[in-house]
Amino acid sequence: MAGSVRILGTGQLVELSRRMRRAGGPRLRQNFSRRVRRAAEPLHKDLQRAVRSVELPGSGRTKRGGPSPTTRPLRATIAGSIRISVRSGGNPGARVWIDRSRLPADMRNMPWTIEQGRVRHPVFGNRRRWTTQWAKPTGWWTRTVDAGTPRMRAEVERVLRDVRRDLT
């Protein structure tokens, strides 16, 4: 299920955050935050690319098609709601997540619905006629996070080593 990816709260990050605060270097803290954000950016971009590439084919009953009847493209809207947040304070780390407040009210559950693979909705808003579309491939969030988290974790560990070396 789509959620958020967090690399935070490890003992090394907490200890490093305390040392950075004692060193009193806002520049050092900004540098740390910038590098941790850069470590999370590849996963962020991969998630956006993954949701944009999910196919939601129609039922195939008719050959009609064309542009969306709404002005909000579904996959691009979801991709725009994927965010990165970095903390260097009490609970330091990085988080890649879906900001539901950036989604229109009627699309707030769509990332999780597409993740599961089955999208059921009324045909052109007609609540008496419903259709089901199957997302291909399913698990866009899970597969992308599983593939990108080791790279992100390794990069954050490298940043930790570099900042720790700068503090000593």
Side-chain angles (χ1 to χ4, degrees), residues 1-10 13 30 32-159:
M1 185 155 167
S4 67
V5 183
R6 297 179 187 195
I7 296 184
L8 48 82
T10 64
L13 287 172
Q30 289 172 348
F32 171 75
S33 295
R34 186 182 71 246
R35 291 184 64 194
V36 170
R37 177 175 293 280
R38 279 192 193 151
E41 281 175 358
L43 179 59
H44 178 249
K45 298 293 182 204
D46 290 347
L47 284 166
Q48 288 180 328
R49 194 175 308 115
V51 74
R52 283 188 177 112
S53 67
V54 171
E55 293 180 24
L56 283 168
S59 63
R61 210 172 95 175
T62 63
K63 291 291 181 187
R64 288 186 228 157
S68 170
T70 67
T71 58
R72 311 165 304 190
L74 173 66
R75 291 175 290 259
T77 304
I78 293 171
S81 70
I82 299 173
R83 312 241 348 242
I84 301 174
S85 59
V86 177
R87 295 183 60 181
S88 61
N91 197 7
R95 180 178 173 212
V96 180
W97 54 292
I98 296 175
D99 186 358
R100 289 179 52 160
S101 68
R102 287 184 149 199
L103 293 170
D106 60 337
M107 286 189 192
R108 297 248 160 97
N109 289 326
M110 285 307 290
W112 296 272
T113 304
I114 293 173
E115 168 77 7
Q116 294 169 353
R118 181 174 179 249
V119 180
R120 186 156 168 78
H121 61 90
V123 177
F124 293 108
N126 179 356
R127 295 234 170 244
R128 285 184 263 155
R129 186 166 174 99
W130 288 71
T131 188
T132 301
Q133 289 180 275
W134 298 94
K136 297 177 186 174
T138 59
W140 65 274
W141 179 272
T142 308
R143 281 184 294 104
T144 308
V145 166
D146 289 347
T149 301
R151 178 179 58 192
M152 183 174 157
R153 191 175 304 275
E155 182 64 23
V156 168
E157 287 173 5
R158 189 170 70 80
V159 169

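Of the possible donor and acceptor atoms, one in the side chain of Arg75 sits under 3.5 Å from a partner among the backbone N and O of Val54. Remark: the backbone N or O of Asp146 is not paired with any side-chain donor or acceptor of Thr149 at under 3.5 angstrom. Side chain of His44 to main chain of Val96: no donor-acceptor pair is present (N/O by atom type, distance under 3.5 Å, no hydrogens or angles).
The pair Glu155-Arg158 meets the salt-bridge criterion, with a side-chain N (NZ, NE, NH1 or NH2) lying under 4.0 Å from an Asp/Glu carboxylate O. Salt bridge status for Arg49 with Asp46: present, with a side-chain N to carboxylate O gap under 4.0 Å.
To the nearest 0.5 Å, the span separating OG1 on Thr142 from CD on Glu115 amounts to 3.5 Å. Separating the CG atom in Leu47 from the CH2 atom in Trp97 is a distance of 13.5 Å, to the nearest 0.5 Å. Summarising the geometry, atom CD belonging to Gln116 is positioned 12.0 Å from atom CH2 belonging to Trp140; distances are rounded to the nearest 0.5 Å.
Shortest non-hydrogen contact noted between Gln133 and Pro57 is NE2-O, 3.3 Å. The heavy-atom pair separating Met152 from Ala94 by the smallest distance is CE-CB, 3.7 Å. Closest heavy-atom contact between Ala39 and Val156: CB-CG2, 4.0 Å. Looking at every heavy atom in both residues, Ala79 comes nearest to Gln48 through O-NE2, 2.9 Å. Scanning both residues, Ser101 and Arg108, for their nearest heavy atoms gives O-NH2, 4.1 Å. What you find for Arg151 and Leu43 is that their closest heavy atoms are NH2-N, 3.9 Å.
Side-chain atoms of Leu74 and Ile114, non-hydrogen and from C-beta on, do get closer than 4.5 Å to each other. Here the side chains of Met110 and Val119 are in contact, with some heavy-atom distance below 4.5 Å. Using a 4.5 Å cut-off on side-chain heavy atoms (C-beta onward), Trp141 and Pro111 make no contact. In this structure, the side chains of Asn109 and Arg100 come closer than 4.5 Å at one or more pairs of heavy atoms. Residues Thr131 and His121 have side chains in contact (heavy-atom distance under 4.5 Å, counting atoms from C-beta outward).
In this structure Arg102 satisfies the side-chain hydrogen bond (donor to acceptor under 3.5 Å, both in side chains) test with no other residue, sequence neighbours excluded. Remark: Arg118 pairs with no residue by the side-chain hydrogen bond (donor to acceptor under 3.5 Å, both in side chains) rule, at least two apart or across chains.
By the 6.0 Å contact criterion, CZ on Arg127 is open, its count of non-hydrogen atoms from other residues, nucleotides or ligands being 12 or less.
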